[in-house]
Student: 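Following this message is one structure expressed as structure tokens.
All of these numbers come straight from a predicted model, not from anything done at the bench. Ligands are counted one by one from 1 in listed order, and the atoms in each one are counted from 1 as well. One-based numbering along the sequence shown.
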Amino acid sequence: MVLKLVAFLLVSILFACSNELDKKNTIPQETPAQKSANLFILYCASCHGEDGKLGSSGAKDLSKSTLSIAEINEILANGKNAMPPMNELLGTKENQELVVNHVLSLRK
Ligand code: HEC
């Protein structure tokens, strides 16, 4: 009887834990701002840094950049000097727009 009880408790605990895991595995909904930031961290931060100021491989400080949206799009499409073109990596027009929004948000 005690053994059955222990077995029942163990199964219950395992079941509860697996439910917790399921919850963590569901992808949380990102806000557009979070998505922009994540794209930037993924594709741009290696050279520009999360705050845009890193300047690795001669990358410009994005917090001080004064380029227009059109000029940023031009650089994303064609690259510039040590910066490779990024649009193919970003994949969609939506991602490009999100990342440009993030670049603008780095200016203070
Ligand atoms: C391999 C390193 C590297 C990566 C990755 C990179 N950049 Fe750059 N970026 C540079 C360099 C180097 C420059 C300076 C180009 C120049 O003017 O000579 C630059 C310049 C820029 C500029 C122009 C700033 C100004 O005021 O002149 C923008 C905007 C920019 N990057 C945005 C991005 C974005 C957005 C991403 C990600 C999608 C990105 N970069 C990824 C290296 C990188």
Side-chain angles (χ1 to χ4, degrees):
M1 182 59 203
V2 174
L3 209 64
K4 267 189 192 164
L5 197 64
V6 169
F8 174 74
L9 280 177
L10 273 179
V11 170
S12 307
I13 290 168
L14 278 178
F15 186 71
C17 289
S18 70
N19 265 353
E20 268 315 299
L21 272 183
D22 281 348
K23 271 182 218 150
K24 280 183 197 133
N25 282 340
T26 52
I27 299 163
Q29 283 294 311
E30 283 178 317
T31 66
Q34 284 170 331
K35 200 171 176 204
S36 304
N38 287 341
L39 285 167
F40 187 85
I41 289 168
L42 193 58
Y43 295 117
C44 321
S46 54
C47 296
H48 288 283
E50 271 189 50
D51 57 3
K53 300 177 187 167
L54 182 65
S56 176
S57 349
K60 293 271 169 72
D61 182 343
L62 297 181
S63 71
K64 296 200 177 111
S65 176
T66 55
L67 296 184
S68 67
I69 291 177
E71 287 168 319
I72 297 172
N73 280 327
E74 163 79 17
I75 290 179
L76 288 180
N78 303 319
K80 192 175 174 194
N81 299 320
M83 177 167 158
M86 300 304 293
N87 278 353
E88 211 153 300
L89 277 176
L90 290 168
T92 62
K93 190 109 185 78
E94 188 204 350
N95 282 356
Q96 290 161 29
E97 283 169 14
L98 285 168
V99 97
V100 170
N101 284 343
H102 191 73
V103 168
L104 297 175
S105 79
L106 295 171
R107 298 177 184 179
K108 289 282 143 62

Student: Please name the pair of heavy atoms, one in S57 and one in A82, separated by the smallest distance, quoted to 0.1 Å.
Tutor: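 That closest heavy-atom pairing would be O-CB, 3.8 Å.
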Student: Is there a path of hydrophobic side-chain contacts, each under 4.5 Å between heavy atoms of I, L, V, M, F, W or Y residues, that connects L42 with L106?
Tutor: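 Hydrophobic grouping puts L42 with L106.
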Student: Measure from atom 3 (C) of ligand 1 to every heavy atom in S46, S65, C47 and give the option owning the shortest one.
Tutor: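 Looking at heavy atoms only, the winner is C47.
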Student: Provide the closest heavy-atom pair for A59 versus C47 in the form atom of the first, atom of the second, distance.
Tutor: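 Minimum heavy-atom separation between A59 and C47: CB-O, 3.6 Å.
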Student: With heavy-atom distances below 4.0 Å as the criterion, list the atoms of ligand 1 near A82.
Tutor: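 Once the distances to A82 are compared, the set is 12 (C).
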Student: Who's closest to atom 9 (N) of ligand 1 heavy-atom-wise, of K64, M86, H48?
Tutor: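 Considering heavy atoms of K64, M86, H48, the nearest to atom 9 (N) of ligand 1 sits in H48.
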Student: Should you measure from each heavy atom of V103, which atoms of ligand 1 turn up under 4.0 Å away?
Tutor: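 Listed by number with element, the hits are 35 (C).
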Student: Select the closest option to atom 22 (C) of ligand 1 among L62, N87, N81, judged by heavy-atom distance.
Tutor: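 Answer by nearest heavy atom: L62.
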Student: Could you identify the single nearest non-hydrogen protein atom to atom 15 (C) of ligand 1 and state the distance to 0.1 Å?
Tutor: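 Looking at atom 15 (C) of ligand 1, the protein heavy atom closest to it is K80 O, 3.5 Å.
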Student: Minimum heavy-atom separation for K35 to N95, with atom names?
Tutor: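 The pair with the smallest heavy-atom distance is NZ-OD1, 3.7 Å.
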Student: Of all the non-hydrogen atoms in the protein, which one sits nearest to atom 17 (O) of ligand 1, and at what distance?
Tutor: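 Looking at atom 17 (O) of ligand 1, the protein heavy atom closest to it is K60 NZ, 2.9 Å.
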Student: Should you measure from each heavy atom of L67, which atoms of ligand 1 turn up under 4.0 Å away?
Tutor: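 Atoms satisfying the 4.0 Å criterion: 23 (C), 24 (C), 25 (C), 26 (O), 27 (O).
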Student: Taking only heavy atoms of L76, which atoms of ligand 1 are found under 4.0 Å from at least one of them?
Tutor: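 So the answer, numbered in order with elements, is 34 (C), 35 (C), 38 (C).
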Student: Within a distance under 4.0 Å of any heavy atom of C44, pick out the atoms of ligand 1 and give their elements.
Tutor: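 That gives atoms 34 (C), 35 (C), 36 (C), 37 (C), 38 (C), 39 (C), 41 (C) of ligand 1.
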Student: Work out which heavy atom in L67 is nearest to a heavy atom in R107; give both atom names and the distance.
Tutor: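 So the minimum-distance heavy-atom pair works out to O-NH2, 2.7 Å.
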Student: Report yes if Y43 has an N/O atom closer than 3.5 Å to an N/O atom of ligand 1; otherwise report no.
Tutor: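 N/O-N/O distance under 3.5 Å: no.
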Student: Grab the two heavy atoms, one from L98 and one from S36, that are nearest each other, plus how far apart they are.
Tutor: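 That would be O-OG, 3.1 Å.
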Student: Pick one of side chain, backbone, both or neither for how S56 approaches ligand 1, counting any non-hydrogen atom pair under 4.0 Å.
Tutor: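 Neither; no heavy atom under 4.0 Å.
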Student: Please indicate whether E50 has more than 12 foreign heavy atoms, meaning atoms of other residues, nucleotides or ligands, lying under 6.0 Å from its CD.
Tutor: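 Count not over threshold, so no.
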Student: Can you name the atoms of ligand 1, numbered from 1 with element, that are less than 4.0 Å from a heavy atom of S57?
Tutor: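 Answer for ligand 1: 12 (C).
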Student: Quick check on contacts: which atoms of ligand 1 are under 4.0 angstrom from a heavy atom of A59?
Tutor: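 Taking each heavy atom of A59 in turn, ligand 1 has 10 (C), 11 (C), 12 (C), 13 (C), 42 (C) under 4.0 Å.
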Student: For ligand 1, which atoms, with element, lie under 4.0 Å from some heavy atom of P84?
Tutor: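 Counting from 1, the qualifying ligand atoms are 1 (C).
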Student: Is the backbone N or O of H102 less than 3.5 Å from a side-chain atom of S105, with the two atoms forming a donor-acceptor pair by type?
Tutor: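 Checked: pair present.
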Student: Among all protein heavy atoms, pick out the one at the shortest distance from atom 42 (C) of ligand 1; state its residue, atom name and that distance to 0.1 Å.
Tutor: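 Here the nearest protein heavy atom works out to M83 CB, 3.5 Å.
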Student: Strictly by modelled atom types, are N38 and E30 linked by a side-chain donor-acceptor pair under 3.5 Å?
Tutor: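 Indeed, the side chains of N38 and E30 share at least one donor-acceptor pair under 3.5 Å.
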Student: Tell me whether T66 has any N or O atom under 3.5 angstrom from an N or O of ligand 1.
Tutor: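 No; every N/O pair is 3.5 Å or more apart.
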Student: Determine the minimum heavy-atom distance between K60 and H48, stating which atoms define it.
Tutor: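 Looking at all heavy atoms of both residues, the shortest contact is O-ND1, 3.1 Å.
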Student: Output yes when a side-chain donor or acceptor of E97 lies under 3.5 Å from a complementary backbone atom of E94, and no otherwise.
Tutor: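 No; zero donor-acceptor contacts below 3.5 Å.
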